[in-house]
Amino acid sequence: MTSKKRHKSTLARIRRVREITEAYYEPGNQSRSYRAVWRRWVYPELAICFRTYMEYIGAKKELEVRDGMRGLFD
């Protein structure tokens with residue numbers, strides 16, 4: 001993943017994806033796998049592809065850095 005800046009709306013979408021995933025994902029359960037969570041809950045609500053979904057799941061570090069900083073116009 002590249003280290004580019006993300007917009008506030010994208011960060012909010014990442015947070016929402018992570019909330020949904022934390023609520024429904026169960027390791028070892030095929031009916032609650034990442035793909036099943038994406039297909040059943042994430043895609044109908046946010047209409048993002050599976051690859052983007054997996055990138056958002058891995059964006060934890062960027063969210064932690066952005067949450068702790070105040071921007072110039074915040």
Side-chain angles (χ1 to χ4, degrees):
M1 186 168 201
T2 61
S3 60
K4 61 183 178 179
K5 283 179 95 173
R6 296 183 188 259
H7 296 282
K8 288 181 183 179
S9 60
T10 304
L11 294 174
R13 194 175 325 122
I14 291 171
R15 283 187 193 95
R16 181 64 186 138
V17 164
R18 294 184 61 76
E19 288 172 359
I20 293 170
T21 302
E22 288 175 11
Y24 296 109
Y25 173 71
E26 292 179 14
N29 186 352
Q30 287 295 323
S31 64
R32 297 286 179 124
S33 66
Y34 284 128
R35 187 166 296 273
V37 170
W38 167 77
R39 185 183 314 119
R40 182 136 191 225
W41 289 286
V42 175
Y43 184 75
E45 182 177 332
L46 300 170
I48 59 174
C49 69
F50 184 70
R51 182 175 177 178
T52 303
Y53 169 69
M54 292 308 292
E55 287 180 8
Y56 285 0
I57 296 298
K60 182 192 303 187
K61 179 187 260 186
E62 189 172 333
L63 283 174
E64 291 171 357
V65 170
R66 284 286 294 218
D67 284 342
M69 295 174 30
R70 285 203 48 133
L72 183 62
F73 300 107
D74 288 341

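Below, all heavy atoms of this structure are taken into account, side chains as well, without hydrogens, waters or symmetry copies.
- Remark: Arg35 qualifies as a cation-pi partner of Phe50 under the 6.0 Å distance and 45° angle criteria applied to the six-membered ring.
- Although no hydrogens or angles enter the test, the distance criterion places a donor-acceptor pair under 3.5 Å between the side chain of Arg18 and the main chain of Ile57.
- Taking OH of Tyr56 as the reference point, atom CG of Leu46 lies at 8.5 Å (rounded to 0.5 Å).
- Under the salt bridge (Lys or Arg N to Asp or Glu O under 4.0 Å) test applied with Glu45, the options Arg13, Arg40, Arg16 reduce to a single match, Arg16.
- Under a 4.0 Å N-O distance rule, the pair Glu19/Arg15 does not qualify as a salt bridge.
- In this pair, Tyr25 and Tyr34 present their aromatic rings parallel. The plane angle is below 30°, not in the 30 to 60° band.
- Rounding to the nearest 0.5 Å gives a distance of 10.0 Å between CH2 of Trp38 and OG1 of Thr52.
- Between the side chain of Trp41 and the backbone N or O of Thr21 there is no donor-acceptor pair closer than 3.5 Å.
- Annotation for Ser31 and Ala36: closest pair O-CB, 3.5 Å, computed over non-hydrogen atoms.
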field: Val37 vs Tyr53, side chain to side chain contact (heavy atoms under 4.5 Å, CB included): CA-CA, chis, key distance, verdict
entry: CA-CA 10 Å; Val37 170; Tyr53 169 69; 3.7 Å; yes
